[in-house]
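Computed from a predicted model, the values in this text were never measured in an experiment. Proteins come first, then strands; the chains are lettered A, B, ... in the order of their sequence lines, and each starts at number 1.
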Amino acid sequence: MSFNARVGGLFDRMSAMLELTGGDRFRVNAHAKAARVIKDHTGDLEPIAGDAKALIAIEGIGKGTAAKIAEFAETGTIREHDELAQKVPEGVIRMLDVQGLGPKTVKLLWDEKGVDSIEALKGVIVDGSILELPRMGAKTVENITESIAFLESSGQRLPIGVAMPIAEALAERMSGVPGVTRCAFAGSLRRGKESIGDIDILVVTDDPEAARESFCTHDSVLKVLARGESKCSVRLSLEGLGGRFKPGANAAVQADMRLVPGPSWGAALMYFTGSKEHNVRLRERALAKGMTLNEYGLFPEDKGDPTPPQQRGVAPVAGETEESIYAALGLAFVPPPLREDRGELSLDKERAFVVLGDIRAELHSHTTASDGDMSIEESAGIAKSRGFHTLAVTDHSQSSAIANGLKPDRLRAHIGAIREANERVEGITILAGSEVDILVDGSLDYDDELLAALDVVVASPHAGLKAKPPQATKRLLKAIRHPLVHIIGHPTGRLIERRAGLDPAMDELIAAAVECDVALEINAHWMRLDLRDTHVRAAVDAGCKIAIDCDVHAPGDYDNLRYGVLTAQRGWLSPELCINTWDVERLHAWLASKR
DNA sequence: GCCGTTTTCGGCCCGACTGTTTTCAGTCG
């Protein structure tokens with residue numbers, strides 16, 4: 001785990017423990033914010049841990065946090081954290097993961113009943129003593145019981161590639177309900193996060209009851225969590241999902257539907273898209289400009305009146321569209337994937353970010369020669385139909401035996417087959433390449449003579465993914481510095497929610513990639529998304545070239561491109577730095593410059 | 001604990017829903 005991740009984790013725990021020991025809520029929030037800022041920070045904080053001035057320059061880090069970061073760098077621990085940990089058992093913190101249990105209730109259970117773990121919580125439920133607590137009735141206990149079961153069976157986050165089709169189907173279904181005039185999904189899914197905790201759907205309708213009824217009684221609904229005037233929450237079954245994602249027994253996802261007034265559409269969409277931190281920033285901005293922002297619109301501020309402006313019939317300054325609200329706040333429109341409070345409110349209007357339609361080339365694809373499902377021509381046909389000018393065929397190299405990797409003689413024959421296919425197929429250039437294993441010592445899986453015969457070399461780590469960070473860094477640096485390499489494929493080898501992968505010093509890799517004119521890949525498969533968003537941002541800040549590739553094995557894999565583009569946007573990638581957006585002359589000239 | 005385009009002190013975003021209450025606390029996003 002990186003330095004930033006370790007320190008950020010300690011601040012998260014400090015925040016929780018402060019809350020559970022009745023600490024000042026603003027200190028609690030400040031610690032939670034520091035945790036997020038530290039984890040999100042694109043550069044490694046360890047080298048500057050002793051430089052208080054540099055740390056304090058980071059928004060959200062002040063004197064106190066800077067001193068604690070320095071203390072951690074020096075001693076490997078933070079005394080305040082350790083002292084709190086003496087007081088608060090691990091199991092008490094874990095209880096906060098139970099939906100519906102917040103700090104107040106957990107503290108009450110702990111103080112009054114000595115409940116210090118989820119197991120102990122089950123105990124007081126079974127013996128009924130939990131009912132002796134104030135504000136604790138049969139219904140609340142039932143909800144807690146179900147939340148524990150949910151947490152223990154399938155409490156994990158869903159990868160974006162699983163959640164997105166569910167959300168799209170849900171939005172389509174709700175759009176067909178009589179009276180519904182507008183419907184869209186929002187939340188972290190709209191922001192393109194790699195995994196999501198729940199699905200948010202917004203609906204404008206003339207017939208609210210029909211929408212509520214449809215949403216809450218569909219076949220896939222396991223439980224209705226809430227059914228109010230403007231908000232309904234349900235737990236949906238994931239059963240019947242196909243593909244490579246295997247949901248566990250009782251796997252489920254929460255979906256929330258919000259019924260919003262038409263004139264508030266933009267404000268509501270913005271509000272429920274988040275992130276929470278981005279919204280807080282916007283509200284602060286509104287207040288500073290003498291206005292107040294909520295999910296109903298942007299209103300002129302009327303100090304002293306506690307009734308919300310929308311209930312007093314105050315005319316909003318903006319609200320029907322997101323664009324109008326950003327404009328009224330004097331801001332450039334912020335695309336949803338950037339809304340993470342990572343400096344996006346300071347963006348100028350001219351800055352461009354890569355979009356799906358910019359992508360003109362696929363540079364990482366497999367065919368039946370190794371472990372793909374398609375012939376060269378078949379894959380080229382799909383690439384062509386998507387408007388691509390170039391497809392690189394990059395089958396696996398010899399060490400990837402499981403993936404039917406090509407021995408040198410097979411690769412030579414394959415290069416010939418690719419050249420022939422390129423002659424036959426009109427309207428797209430098919431390049432001969434390879435996804436070459438980066439071996440554990442950092443060397444490549446073919447000799448230089450053979451690599452030089454290829455148009456495109458994608459070098460990727462496949463084995464030895466549990467190596468320690470220093471070894472991982474050394475291994476990847478060696479591959480980046482190899483003069484025949486164009487692209488480093490899925491640089492960490494992680495699998496979302498399944499395998500951590502390598503944790504190299506990303507700053508060093510990026511610096512080397514810039515120096516050697518090598519592109520780092522965003523592997524667009526939703527199980528990988530590797531580089532991840534924060535890595536992309538660091539690379540973009542350094543001016544590093546980026547490739548967005550689908551790592552195509554089957555026809556449907558081309559559809560994963562959108563997840564790669566969302567990840568790129570979350571990292572503020574411009575078309576200029578993304579080699580897949582370049583026109584055919586420029587891309588081919590760059591590839592040839594390494595031959 | 002952090003922060004400042006009226007502040008270095010005194011603030012710190014806003015609303016909906018549930019369950020347990022007789023007017024509201026706790027949780028969530």
When we call it a touch if two heavy atoms are under 4.0 Å apart, what does [X] touch: a base, just sugar-phosphate, or nothing?
{"X": "A/P134", "answer": "nothing"}
{"X": "A/F272", "answer": "nothing"}
{"X": "A/R227", "answer": "sugar-phosphate"}
{"X": "A/D24", "answer": "base"}
{"X": "A/L101", "answer": "sugar-phosphate"}
{"X": "A/K276", "answer": "base"}

Are the charged groups of A/R562 and A/E168 less than 4.0 angstrom apart, N to O?
yes

Would you please test A/D82 and A/T77 for side chain to side chain donor-acceptor pair (under 3.5 Å) and show each step?
CA-CA 8 Å; A/D82 295 349; A/T77 184; 2.4 Å; yes

Parallel, tilted or perpendicular, as decided by the 30° and 60° cut-offs, for the rings of A/F3 and A/F72
tilted

So which nucleotide does B/dT8 pair with, by the Watson-Crick or G-U wobble rule with both distances under 3.5 Å?
none

What is the distance, rounded to the nearest whole Å, between atom [atom1] of [X] and atom [atom2] of [N]?
{"X": "A/L287", "N": "B/dT7", "atom1": "CG", "atom2": "C1'", "result": "15 Å"}
{"X": "A/I199", "N": "B/dG29", "atom1": "CD1", "atom2": "P", "result": "14 Å"}
{"X": "A/F26", "N": "B/dG1", "atom1": "CZ", "atom2": "C1'", "result": "11 Å"}

Are [X] and [N] close enough that a side-chain N or O sits under 4.0 Å from OP1 or OP2?
{"X": "A/T140", "N": "B/dT18", "answer": "no"}
{"X": "A/S233", "N": "B/dC17", "answer": "no"}
{"X": "A/Y271", "N": "B/dC28", "answer": "no"}
{"X": "A/N29", "N": "B/dC2", "answer": "no"}
{"X": "A/R135", "N": "B/dT20", "answer": "no"}

Could you tell me whether the side chain of A/S195 and the main chain of A/P159 form a donor-acceptor pair under 3.5 Å?
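Flag not set: sc A/S195 to bb A/P159 has no pair under 3.5 Å.
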
For B/dT7, glycosidic torsion class - syn if within 90° of 0, otherwise anti
syn

Take A/V106 and A/A30, find for each the nucleotide of DNA chain B with the closest heavy atom, and name the residue whose nucleotide sits nearer the 5' end.
A/A30

In terms of the nearest nucleotide of DNA chain B, which residue is placed more toward the 5' end: A/M136 or A/P103?
A/M136

Out of the candidates A/H278, A/K33, A/R36, only one should pair with A/D341 under the side-chain hydrogen bond (donor to acceptor under 3.5 Å, both in side chains) rule; please name it.
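Exactly one option meets the side-chain hydrogen bond (donor to acceptor under 3.5 Å, both in side chains) with A/D341, and it is A/R36.
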
Pull out every residue in residues 56-69 of chain A that has a heavy atom closer than 4.0 Å to any atom of DNA chain B, ordered by number, or say none.
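Contacting residues: A/E59, A/G60, A/I61, A/G62, A/K63, A/G64, A/T65, A/K68.
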
Do [X] and [Y] have a side chain donor and acceptor closer than 3.5 Å?
{"X": "A/N4", "Y": "A/S2", "answer": "no"}
{"X": "A/R339", "Y": "A/S275", "answer": "no"}
{"X": "A/D256", "Y": "A/Q254", "answer": "yes"}

